[in-house]
Each structure stands twice: as structure tokens, then as C-alpha cells.
Amino acid sequence: MSQFHQFDISDFFNEINEPLFLMDSEEIIFWNNTAIENFKNLPEDWKAWISNEELEQKLLLFFKEGILPQITYFKSLEKKCGEFQRFEWAFVNLPSSYSSRFLIVKANPIKFLGNKAVENSILDKHEQTVGELSYIQSILHHSHDLIAILDEQGNYKFISDSVVQKIGFPVDYIVGKNFRDFIDEGIIELVKGSFEEVLDSTEEVAVDFWINRSKGKRIYLESFAKNLIYHPEINGVLFSSRDITDFIETDRSLQKRYEIENLINQVSSRLINRRLSNLEEDFQEFLRKFSHFLRAHRGVISIFNQETQELDIINTWSLSSWKSESEIDFKEIIDSRKKRLEAGIVKLIDLESEGFESTSRLILIPMISASKILGVIYFEIDQEDLEFTEKELQIFRQLGDILAGAYIGSLMTRRIERNENLLATTERLSKSGSWRYSTTRNLFYISGGLARIFDLGIQPVTAEFSSLILRIDKSYREDFVKNLKKSIQEKSHASGEFTIRNEEGKTIYISYEIETKQDFFTQGIEVNGFCTDITHKRASEEYLRLQSQILAQVNDPILVTNLEYQIIYLNKAAVELCGMVKENAYNEHIDSVIKFNFPDGSRFEKIGRKLEIGDVKKQELFIETGVQPKAPFEISMQAIHADGKEKIGYSLILRDLSEKYENERLAMRASMIVENSPAVLFQVDPNDDYRIYYISENINQFGYQSKELMENRVPFLDIVHPDDAKIIKKINSKSRGKSGVVSFSGEYRIKKTDGTFIWVEDKTSDVRNEVGDIILHQGLFQDITERKNFEEFKEEKEKQYRVLASNIPGTNIFLLDKSRKYILAEGTNFENWGLSPSDFEGNHLTDIALTDSEEVSKLLDRVYEKREIVETEFFLRGRRYHRVIRPILEYGRVEYALSIVRDITEEHKAKEIVKSGNKTIKN
């Protein structure tokens with residue numbers, strides 16, 4: 001520098017923590033901040049302040065000839081509190097380009113307390129050396145670096161004051177002892193390097209170690225050691241250390257986070273590749289893994305009961321050697337923190353601070369689904385085994401969310417399986433079944449109930465169009481195919497009947513319905529059908545028709561007796577009833593020819609005696625004859641009077657009630673079938689606010705009474721959801737014609753008496769009078785809520801695939817149907833490929849593929865035809881990927897293929913490095 005800059009040098013002096021001033025030959029020109037802030041009455045005239053004539057002469061000599069005083073001066077400063085503090089002052093020449101000389105005068109705490117170290121006294125050069133050494137020690141004391149010197153045997157010769165402050169042990173405890181003693185006592189844990197390496201080298205050697213401080217906290221010291229055994233002043237090994245505990249802890253925290261995320265990814269991958277119908281084993285395995293990872297002695301997965309709001313434990317794991325220290329009310333602990341858990345915060349609880357006799361810690365992980373808390377996962381860990389802070393544990397919320405989603409998915413899957421089993425049972429009992437026709441593949445997908453009717457087994461099957469049509473009797477094939485094509489072309493409803501032959505050669509009558517709709521999302525055609533075995537109904541109708549023909553040709557049996565109840569007349573029908581020759585029946589007692597089964601056990605004579613003029617006794621009872629087994633008849637008994645006065649006999653007219661009873665039995669059976677069927681029959685008046693004219697008794701499944709609805713003429717739309725009622729009114733207002741309101745068929749919601757709504761599908765037709773006017777709408781509707789829920793489940797399942805895929809780093813999921821069309825594409829690698837999910841979804845394999853489409857198509861053939869799980873690897877844009885394709889089954893057949901593509905570039909590199917290392921070792 002060409003000249004002296006006071007401001008620049010003053011900034012340096014202000015960093016020194018001891019009093020210091022700068023003087024020239026005339027005055028004191030600068031005091032540093034330490035002096036100004038802590039002391040008062042600081043002098044400006046150094047000659048007045050120095051009360052030692054010898055020192056004053058030495059200073060004047062310095063300013064005149066430049067000879068620096070080789071002495072130390074003892075002088076006190078007055079603190080701001082009024083007390084005096086004595087310092088030993090050292091003098092340092094400040095080189096300068098000015099003609100004047102400058103002198104730095106610095107105070108040091110007094111370390112040498114000799115007889116001459118009194119106020120205003122000075123010390124010689126030797127004593128000054130002590131002061132300079134003290135100055136160096138002050139610098140070491142305030143340095144972040146920890147300095148230590150060990151001799152050749154490893155004994156501590158010197159440690160800086162910062163070492164004492166950092167590790168918490170006094171100087172006397174360290175100096176003179178060997179570092180190996182501290183290792184044996186567990187105070188030092190060597191991590192990197194060794195003392196022997198330092199002795200064998202002349203370069204710096206890295207030696208890192210943990211220090212277990214006296215106060216219990218551990219610190220990590222990064223050290224560099226140099227062999228200075230042959231240095232004349234040091235004569236030892238110099239260690240320079242720095243506390244990097246925060247850096248090490250951060251590195252360990254990141255490593256732990258990586259391990260946690262890896263475990264969570266394993267959970268996600270396993271759930272994606274597993275069926276959700278039975279999660280108990282998976283949940284148990286997850287508990288075991290995470291308990292071992294956290295070093296927990298107990299892990300629990302619990303779910304809130306929707307009815308009682310109590311915690312139901314669904315899975316638990318614990319160490320076989322673990323025993324609970326005390327009874328812990330986990331429900332109370334969780335309830336007291338429910339708001340925090342509902343917010344998705346993972347909590348770490350100190351059980352001892354909660355008043356429990358336990359030194360364990362409790363980790364609470366919320367299971368959140370649809371923004372509501374579904375349950376809680378908690379782990380109990382010994383305090384000394386806990387390696388995480390509450391902040392580090394927040395990543396476990398991902399685990400809670402994944403398990404909550406899997407649990408909800410499991411419930412829905414089980415519900416669907418129950419519904420499928422119920423449907424199969426219903427089909428079997430009602431001798432019915434359903435089918436779905438694929439227009440693209442020309443295949444029928446047949447339910448188990450319909451397969452039973454067609455003698456194809458009892459499980460759902462797939463049949464080609466031609467093979468199924470040929471099972472229908474030839475006379476009905478054309479009509480069925482015509483109705484099927486018409487329904488597909490017009491997207492309408494069609495129905496009819498056909499017959500088939502069973503394995504025994506008997507004719508089976510089948511009633512069918514066809515419904516075609518366009519899928520809202522895919523815009524594809526969905527063709528569904530329903531078939532019912534009506535053979536018994538046809539047989540009953542034929543039987544009733546035959547009985548009617550017989551009754552139209554045969555008169556009722558008529559018998560006449562005298563007062564002794566002897567038969568005196570019977571007609572042809574009576575002769576046939578009694579099974580006797582007409583002549584042989586005469587004079588026979590009526591009770592010997594016909595056995596009347598009166599309820600009270602009476603005989604015909606007793607009834608006859610009570611008959612007076614004009615009396616007619618009608619009664620239904622069962623009678624028997626020699627040829628006629630017990631059968632129901634209506635008996636009309638009347639007394640015969642001569643001239644209308646004298647009773648001379650009795651007449652009996654027997655009307656066979658077998659047909660009536662059979663009709664009643666059939667009607668009762670039909671009523672029971674209707675009432676036990678899920679389909680509700682109804683008739684409504686479209687010209688009078690759709691008031692209910694008739695509705696079957698099984699409307700009670702929704703809480704209503706059929707009789708009450710019909711007597712009060714309740715408008716049908718009153719029990720329809722208001723939004724759907726508006727739609728129905730709007731449709732029917734447009735369909736009103738000259739003949740009246742045309743009926744409407746479709747899907748809408750019915751309100752149950754408990755206030756909830758269900759989805760129904762109705763099929764309604766018009767009832768016309770003689771002139772063709774529509775007077776009523778009649779039809780049936782059936783609960784399709786489960787089907788609607790299933791459709792919602794499929795949508796939810798697709799969402800779960802997307803959520804799981806988007807949460808797995810470096811992983812993509814593709815779902816393809818049998819036509820090689822992408823149904824779903826999701827994952828985290830699209831950006832690396834310069835693509836997006838929309839490039840795949842809705843397109844076919846021939847349109848877009850990550851690798852050669854023909855090669856992928858061959859792999860898919862193995863998946864669909866042989867149900868294989870195919871694994872391959874490929875390169876794309878400089879990165880290596882692993883691909884696994886799994887079959888997805890529905891109704892026992894492969895309907896979809898799930899392709900999981902995972903980025904294994906880094907994993908492959910690591911394997912190659914290991915492989916290369918192994919070759920090097922062998923060589």
C-alpha cells in the first residue's frame with residue numbers, strides 16, 4: 001500500500017476480542033471496539049496514561065530511532081461497572097510508508113503472575129515471550145479448529161482451549177493420557193484412518209472419529225494429522241480437527257430417507273402386482289419389514305369402525321421376546337391427537353411424558369383416504385433405539401396413504417366378489433343367466449347361470465358366435481340374429497323367445513332380452529343380454545289350456561237322494577265320478593258311495609237334517625270315491641220339497657274345484673316368484689301424473705307397502721329422484737302423440753323410505769284400449785346399484801393405478817386390452833421419452849410403442865394365450881429399462897395385460913461396476 005488507510009486496519013483490529021489501541025509519538029489515535037464497549041475513561045494521551053518512566057523513555061526511543069521495546073507492561077483499565085481489570089500489554093511495530101512510526105499496543109489476560117507483575121511495572125524479554133505465547137493461545141481459543149499434539153506413543157502433549165469447550169473434558173483429564181485409553185473408555189470411536197498411518201507418512205492423513213461428550217451428545221470430528229515428530233519445536237503429531245456433525249447427520253438423514261422411500265416403493269410395487277381381495281398377509285409382511293427397519297418391538301395397523309368409531313386392530317406384529325411394561329390406552333392417545341392426524345401429520349409420542357410407566361416412544365402414522373382418516377398405523381420403539389426425529393418421520397405419510405388406498409380397494413373387491421357370488425346364486429335359483437357380446441371379437445361372454453342352461457358347465461365361459469347360435473333350434477335362429485343386429489344398429493332394446501335341446505334331448509324354452517348402449521367414455525358399443533328358462537311356465541300354461549278344454553265338454557256331477565239318503569238319481573258325470581254302473585248305484589247310501597271329508601267329521605245325514613225349505617248349503621271340501629282320490633269340490637246341497645212344502649229328498653251338485661285349486665296354486669306360485677324376484681312389476685297412468693295403478697308386493701324391499709301406494713294412488717314420480725323425475729317428464733312431454741304418452745325405459749334413481757337412493761333399470765311398455773289409445777304404462781324395474789357401484793369401482797381402480805404409478809420413481813404402467821389398445825398409461829418417465837400419457841391412451845400398439853410393436857405383440861401373445869409373465873430389458877434414449885408384462889384375469893380369462901416399465905440404468909451400472917471389480921480381483 002502506498003499510504004496508511006486507518007479504516008481498513010481498524011476493521012481488522014475490531015475483530016480482536018482483547019483491548020487494543022494504536023499510537024504514534026504524539027497521542028493514542030485509535031481504540032478498538034472491545035475496549036470502547038467494555039471500558040470507560042480510555043485515555044488519548046499515552047504519556048499521561050503510562051506511569052512508568054523507563055517505559056516512556058523506551059517508547060520515545062522507538063519513535064526516534066525505531067528500536068522496539070522488548071518488554072511487557074502491566075496496566076489496568078476501568079470497566080464500565082467501575083471495577084478495574086489488569087492486563088499485560090505487548091508492543092508491536094506497525095510498518096508504514098509514512099515518515100512517522102506507529103505502534104500497536106495490545107492487552108492480554110495476565111497469565112504470568114510473578115513478583116514484578118504489579119500495576120505500572122514492566123517485564124523483560126523472556127517474560128514478553130510468555131505474553132506472545134498467550135496471544136497465540138488466545139487465537140487458538142477462539143478458533144473453530146481444534147488443535148492437538150500427540151507424541152510418538154500417542155500421548156496428548158497439547159490441546160487448544162477450543163478442544164476443551166467442544167468435547168466438555170478439562171485439560172488435566174486429557175493431557176498426558178494416551179488416545180487409546182479414550183478408545184477403551186468409549187469416548188473415541190475411530191471411523192477413518194489410524195495413528196499408525198500418520199506415523200508412516202510425511203503427508204497429511206485424514207483421521208475421522210466420533211467423540212462421546214461428557215454431557216452425552218456425540219460429535220463427529222473431521223481431522224487432518226501430520227507427522228511432525230522431527231520438527232524441532234513441535235516434536236509430535238499435529239491434529240487439526242473440525243466439527244462436521246451437522247453434515248454427517250444430514251447425510252445419514254438423507255440415507256435413511258432413501259431407505260424409507262425404497263421400502264415404501266416396495267410396498268407400492270407389491271400392491272400393484274397383487275390382488276386386493278385378501279391383504280392380511282401383505283399387511284403383516286409390511287408390518288414386519290417396517291418394524292425391523294425402525295427397530296420397533298411392536299407394530300399395529302388399526303381401522304376406525306364406521307359404526308362405533310372405535311379402533312379395530314386388523315394386523316399386529318411384535319417381537320417374541322417383548323413384554324409390555326404397562327397398560328397403554330392407545331385409543332386415548334390417538335383421540336387426543338386426531339385433528340393433527342386428520343391433517344396428515346405423523347406424530348412421535350414420548351409415553352413417559354404422557355404419564356405412562358414406559359420409556360418407549362410411539363410413532364403414529366395416519367391412514368388418509370378421500371381427505372378422511374381411515375385408521376392409524378403405530379409402532380412402539382425403545383427410546384435408545386429411535387434413530388429418527390418427528391420431522392424425518394413425515395415421509396411415512398406416504399405409507400399410510402398407500403395402505404389406506406389398498407384397504408379401500410380390498411373392501412370394494414370383496415364387495416364385488418360377494419355380489420358376483422350372489423348374482424350366480426340368484427341366476428341358479430331363478431334359472432336365468434346373462435351374456436355380453438363383443439362386436440369386435442365376435443364372441444359371447446356367458447355367465448355361470450347361462451352356461452348351466454346351455455349345458456356348458458357352471459363357470460363363466462366364452463363362446464364363438466357361430467357355436468352359440470347353432471345351439472338354438474333352427475326355427476328360432478333367424479329371429480334371434482335379426483333382433484341382435486337390430487339392437488346393435490339402433491342401440492335399442494329387443495326381446496323374444498327360442499328353444500334349445502338339453503343333453504337329454506328335451507326341449508328347453510328360453511325367454512331373452514337384448515340391450516345395446518354406447519359407452520360414454522370409449523364411445524364403443526356395449527351389447528348385453530339376459531335369458532330365463534321358462535320351460536315350467538310353458539308346461540303350466542299347456543296344462544291349464546288342456547284342463548280348460550276338458551271342463552268345457554264335461555257337465556258337473558249331479559246326485560239326488562231320498563230322505564233315507566239313498567241315491568235315486570245320478571247323471572253321466574256323477575256315474576263317472578263314482579266309478580259305478582248306473583244301475584248298481586241306485587239305492588246305495590250316499591255316504592257309502594262318496595266319502596265327504598267335512599272339517600268336523602260330520603256325515604251327510606247330519607247336514608241334510610238341518611236343511612229347510614229354500615236353504616242351500618254350499619261348502620268346499622275334499623271328497624273321495626272308489627275311483628276318485630281325495631279331490632276338492634264345491635258341494636251345493638238343497639232340500640227337495642213336494643209342492644214346495646214337504647221335504648222329500650236332497651239334491652247335490654258337485655263342481656270339481658281341482659282346476660280352481662290348481663289355478664290358485666299356480667297363481668300363488670307365480671306371486672311368490674314375483675314377490676321373491678328382485679324385479680318390481682308396476683302399472684301407472686301417464687295421463688294422471690303417473691299415479692300408481694298397480695305395483696307388486698316386493699316393492700317392500702325398498703320400504704314401501706304395495707297396498708298403501710295403490711290405495712292412495714301415489715304418483716310414481718314421487719318416489720323417483722327429483723333430478724331424474726325432471727328428465728322423465730321432459731322426455732315424455734316430447735314423446736306425447738295423438739294416441740297418448742309413449743312409455744319410457746331407462747335408468748334412474750328410486751328413493752327408499754329411509755331416505756337413501758338406489759339405481760334401477762326399468763323396461764316399460766304401453767297398454768292400449770280397443771281403439772289404440774295408450775291408457776297405462778306397464779313394466780318392471782330392477783335394482784342395478786351394485787352394477788353402478790362396480791362401474792364406479794372400475795373407475796376408482798384406474799385412478800388407483802394412476803396414483804400408484806405416479807408415486808413410484810422411474811416407473812411407468814401401461815394397461816392394454818385384447819385388441820392391443822392402451823386403456824391406461826401413467827408414470828414418471830414420459831418426460832425422459834419426450835412423450836405424454838395422451839400419446840398412448842386410446843391408441844393401439846401398432847400406432848405407438850416404446851420398442852418394436854411386432855416384438856411387443858409377440859410378447860403379448862404369450863401373456864394372453866399362455867398366461868405367462870414376460871420380462872425383458874431394452875434401451876431407450878441412452879437409458880436401460882426393465883419391462884414385465886402380467887396377465888389380468890376377469891371371469892377366469894385373460895382380459896387385459898399390465899406392463900410395468902422400470903428405469904434400471906443406475907442399478908445396471910452398479911452391477912457392472914461390481915462385476916468389473918470381481919474380474920479385477922480374480923486377475
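In plain terms, the two heavy atoms of Ala451 and Gln459 that are nearest each other are CB-O, 3.6 Å. Nearest heavy atoms, Ser487 versus Thr516: OG-OG1, 2.7 Å. Minimum heavy-atom separation, Lys821 to Gly842: CE-O, 3.6 Å. Between Cys531 and Ile510 the shortest heavy-atom distance is CB-CG2, 3.7 Å. Closest approach of Leu709 to Ile699, counting heavy atoms only: CD1-CG1, 4.2 Å. Here the closest heavy-atom approach between residue Thr535 and residue Tyr509 is recorded as OG1-N, 2.9 Å.
Looking at residues two or more places apart in sequence or on another chain, you find a side chain to side chain donor-acceptor pair (under 3.5 Å) between Asp312 and Asn305. Under the rule for a side chain to side chain donor-acceptor pair (under 3.5 Å), Asp723 has no partner lying at least two apart in sequence or in another chain. With sequence neighbours excluded, the residues forming a side chain to side chain donor-acceptor pair (under 3.5 Å) with Thr507 are Arg501, listed by chain and number. Every residue two or more places apart in sequence or in another chain that forms a salt bridge (Lys or Arg N to Asp or Glu O under 4.0 Å) with Arg862 is listed here: Glu868. Residues meeting the ring-ring contact (aromatic ring centres under 6.0 Å, His included) test with Phe757, sequence neighbours left out: His721. Take Lys506 and apply the salt bridge (Lys or Arg N to Asp or Glu O under 4.0 Å) test, not counting sequence neighbours, and it matches Glu504. Residues meeting the ring-ring contact (aromatic ring centres under 6.0 Å, His included) test with Phe682, sequence neighbours left out: Phe716, Phe781. Every ring-ring contact (aromatic ring centres under 6.0 Å, His included) that Phe444 has, sequence neighbours left out, goes to Trp435, Tyr437, Phe465. Take His882 and apply the side chain to side chain donor-acceptor pair (under 3.5 Å) test, not counting sequence neighbours, and it matches Glu871. The ring-ring contact (aromatic ring centres under 6.0 Å, His included) search around Phe480 returns Phe498, Tyr512, not counting sequence neighbours. Taking the side-chain contact (heavy atoms from CB on, under 4.5 Å) definition, one finds that Ser743 meets it with Thr764, Asp766, His777, sequence neighbours left out. Legend: residues meeting salt bridge (Lys or Arg N to Asp or Glu O under 4.0 Å) with Arg820, ordered by chain and number and at least two apart, are Asp861.
For CZ of Phe830, the number of neighbouring non-hydrogen atoms (other residues, nucleotides, ligands) closer than 6.0 Å is greater than 12.
When only modelled atom types and interatomic distance are considered, Asn698 and Ser696 share a side-chain donor-acceptor pair under 3.5 Å. In summary, the side chains of Asp455 and Asn502 do not present any donor paired with an acceptor at a separation below 3.5 Å, with no hydrogens or angles considered. Checking Glu515 against Asn528 by side-chain atom types alone, no donor-acceptor pair falls below 3.5 Å. Donor-acceptor pairing under 3.5 Å is lacking for the side chains of Ser432 and Thr532.
Between Val863 and Leu859 there is no side-chain heavy-atom pair separated by less than 4.5 Å. With a 4.5 Å cut-off on side-chain heavy atoms, Glu854 and Thr846 do not count as touching. Between Val527 and Ile514 the shortest side-chain heavy-atom distance falls below 4.5 Å. Side-chain contact check for Ile695 versus Leu681: every heavy-atom pair is 4.5 Å or farther apart. No side-chain heavy atom of Ile750 sits under 4.5 Å from any side-chain heavy atom of Trp759. Side-chain contact check for Leu776 versus Val684: every heavy-atom pair is 4.5 Å or farther apart. Contact check for Ile469 versus Val481: side-chain heavy atoms found under the 4.5 Å cut-off. Put simply, the side chain of Arg471 does not reach to within 4.5 Å of the side chain of Arg477, judged on heavy atoms.
The CD1 atom of Ile848 sits 5.0 Å away from atom CG of Leu835, with the distance rounded to the nearest 0.5 Å. Within the model, atoms OG of Ser899 and CG of Leu824 stand 11.0 Å from one another, a figure rounded to the nearest 0.5 Å. The OH atom of Tyr693 sits 7.0 Å away from the CD atom of Gln683 when rounded to the nearest 0.5 Å. Separating the CG atom in Asp533 from the CG atom in Leu450 is a distance of 10.5 Å, to the nearest 0.5 Å. With rounding to the nearest 0.5 Å, the separation of OG1 in Thr462 from CD1 in Ile446 is 8.0 Å. Here CG of Leu850 is found 9.5 Å from CG of Leu845. Values are rounded to the nearest 0.5 Å.
No donor-acceptor pair under 3.5 Å is formed between the side chain of Ser434 and the backbone N or O of Gly529. Glu841 places a side-chain N or O within donor-acceptor distance of the main-chain N or O of Ala825, the cut-off being under 3.5 Å. Between the side chain of Asp847 and the backbone N or O of His844 there is at least one donor-acceptor pair closer than 3.5 Å. Under the 3.5 Å distance criterion, the side-chain polar atoms of Asp401 are left unmatched by any main-chain donor or acceptor of Gln398. With Lys818 contributing its side chain and Val894 its backbone, the two residues share a donor-acceptor pair below 3.5 Å.
A salt bridge is defined here as a Lys NZ or Arg NE, NH1 or NH2 lying under 4.0 Å from an Asp or Glu carboxylate O, and Glu747 with Lys517 meets this definition. Between Arg883 and Glu873, no side-chain nitrogen of the basic residue sits less than 4.0 Å from a carboxylate oxygen of the acidic one, so the salt-bridge criterion is not met.
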- [ ] Could you walk me through whether Leu876 and Trp833 pass the side chain to side chain contact (heavy atoms under 4.5 Å, CB included) test, one step at a time?
- [x] CA-CA 8 Å; Leu876 183 61; Trp833 303 333; 3.4 Å; yes
- [ ] Kindly determine whether Ser475 and Asp473 satisfy side-chain hydrogen bond (donor to acceptor under 3.5 Å, both in side chains), including the steps that lead there.
- [x] CA-CA 6 Å; Ser475 58; Asp473 288 344; 5.9 Å; no
- [ ] Kindly indicate, with the supporting measurements, whether the criterion side chain to side chain contact (heavy atoms under 4.5 Å, CB included) is fulfilled by Leu816 and Phe814.
- [x] CA-CA 7 Å; Leu816 297 91; Phe814 300 90; 4.1 Å; yes
Open item on the list: Using side-chain hydrogen bond (donor to acceptor under 3.5 Å, both in side chains), reason through Tyr748 and Asp762 one step at a time and then give a plain yes or no.
Closed with: CA-CA 8 Å; Tyr748 48 84; Asp762 86 340; 3.2 Å; yes
- [ ] Walk me through it: do Leu780 and Val680 pass the test side chain to side chain contact (heavy atoms under 4.5 Å, CB included)?
- [x] CA-CA 5 Å; Leu780 58 86; Val680 178; over 6 Å; no
Open item on the list: If you apply the rule side chain to side chain contact (heavy atoms under 4.5 Å, CB included), what do you find for Gln778 with Ser765, and how did you get there?
Closed with: CA-CA 6 Å; Gln778 69 178 5; Ser765 59; 3.7 Å; yes
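Partner of Phe702 under the side chain to side chain contact (heavy atoms under 4.5 Å, CB included) criterion, out of Ile758, Thr753, Ile719: Ile758 alone.
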